[in-house]
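Worth saying up front: this structure is predicted, and the values here are computed from it rather than measured. Note: hydrogens, waters and symmetry copies are ignored here, and every other heavy atom, side chains too, is used.
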Amino acid sequence: MPTLLRLVVTLAILAGITYGAMFALVMFVSPKQAELSVRIPAEKLNPKKN
């Protein structure tokens with residue numbers, strides 16, 4: 001039983017660290033916003049029919 005308890009506590013601590021890291025990323029890292037334009041060739045917009 002003590003080994004099972006140690007395993008559960010270790011997994012809980014690892015889950016807490018993971019959750020804390022994800023929370024820190026959400027709170028402190030902001031994404032960069034930029035416009036994106038992609039040129040699409042006319043052949044792809046209007047493919048030739050056989």
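In this view, L11 and L7 satisfy the side chain to side chain contact (heavy atoms under 4.5 Å, CB included) rule, not counting sequence neighbours.
Alongside L36, the hydrophobic cluster contains V38 (criterion: ILVMFWY side chains under 4.5 Å). Chaining together hydrophobic side chains whose heavy atoms lie under 4.5 Å apart places L5 alongside V9, I13, I17. Under the 4.5 angstrom side-chain criterion for Ile, Leu, Val, Met, Phe, Trp and Tyr, the cluster partners of I40 are L45.
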Between side-chain atoms of residues 19-33 and protein atoms elsewhere (two or more places apart, or another chain), which donor-acceptor pairs fall under 3.5 Å?
none

